[in-house]
Amino acid sequence: PSHDTSPEHKDILGRVLNVGDYVAYPDSNQTRIGKIDKLNQKMVRVTTGHHWRSTANKYPKDTVKLEGPDLTMYLLTK
């Protein structure tokens, strides 16, 4: 039997979040974009990778999964 203990997390729209997904999330008074690099029991760890505090733990319902043309344009401008 499989013992996969990774929790299933869903964003504010109810979409399943996985490691490697890009999400938008609130940080102080800003909206940031980052990549999920770990699924914890209750939160997801997001990496932004471009400033001194490069990871953040967020509740899944506080994130919005980014995909499709919007994500492609964002990645092309990085």
Side-chain angles (χ1 to χ4, degrees):
S2 166
H3 291 286
D4 183 11
T5 58
S6 293
E8 180 175 88
H9 291 310
K10 295 183 179 178
D11 74 356
I12 193 171
L13 300 178
R15 296 176 295 184
V16 174
L17 298 171
N18 296 296
V19 170
D21 286 345
Y22 282 84
V23 292
Y25 63 94
D27 182 40
S28 300
N29 291 328
Q30 300 178 56
T31 300
R32 295 201 185 276
I33 293 176
K35 186 177 183 180
I36 294 175
D37 68 358
K38 186 175 181 190
L39 300 175
N40 297 313
Q41 280 309 113
K42 296 190 179 198
M43 303 179 102
V44 296
R45 187 173 73 192
V46 182
T47 301
T48 58
H50 58 68
H51 60 291
W52 65 272
R53 195 182 65 180
S54 63
T55 63
N57 285 311
K58 292 290 169 188
Y59 286 106
K61 64 178 177 48
D62 292 337
T63 68
V64 179
K65 185 174 177 177
L66 302 175
E67 48 195 353
D70 293 335
L71 177 60
T72 301
M73 281 309 299
Y74 172 78
L75 294 174
L76 286 174
T77 61
K78 289 321 262 162

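- Here the closest non-hydrogen pair linking Q41 and H9 is O-CE1, 3.3 Å.
- Between P60 and M43, the closest heavy-atom pair is CD-CA, 4.2 Å.
- Side-chain contact check for Y25 versus T31: every heavy-atom pair is 4.5 Å or farther apart.
- Contact check for L17 versus V23: side-chain heavy atoms found under the 4.5 Å cut-off.
- Take K38 and apply the salt bridge (Lys or Arg N to Asp or Glu O under 4.0 Å) test, not counting sequence neighbours, and it matches no residue.
- In terms of the salt bridge (Lys or Arg N to Asp or Glu O under 4.0 Å) criterion, residue partners of R15 (sequence neighbours excluded) are, by chain and number, D11, E67.
- Atom CG of residue D27 and atom OG1 of residue T48 lie 8.0 Å apart, to the nearest 0.5 angstrom.
- The line from OG1 of T63 to CG of D21 is 9.0 Å long, rounded to the nearest 0.5 Å.
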| Full working for side-chain contact (heavy atoms from CB on, under 4.5 Å) between D37 and V46 | CA-CA 6 Å; D37 68 358; V46 182; over 6 Å; no

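- Here the side chains of L66 and Y74 are not in contact, with every heavy-atom distance at 4.5 Å or above.
- In terms of the side chain to side chain contact (heavy atoms under 4.5 Å, CB included) criterion, residue partners of K35 (sequence neighbours excluded) are, by chain and number, Y22.
- In terms of the side chain to side chain donor-acceptor pair (under 3.5 Å) criterion, T72 has no residue partners (sequence neighbours excluded).
- Contact annotation: the side chain of N18 approaches that of V16 to within less than 4.5 Å [non-hydrogen atoms, C-beta and beyond].
- For D70, there are no side chain to side chain contact (heavy atoms under 4.5 Å, CB included) partners, not counting sequence neighbours.
- V64 forms part of a hydrophobic cluster together with I12, L13, judged by ILVMFWY side-chain heavy-atom separations under 4.5 Å.
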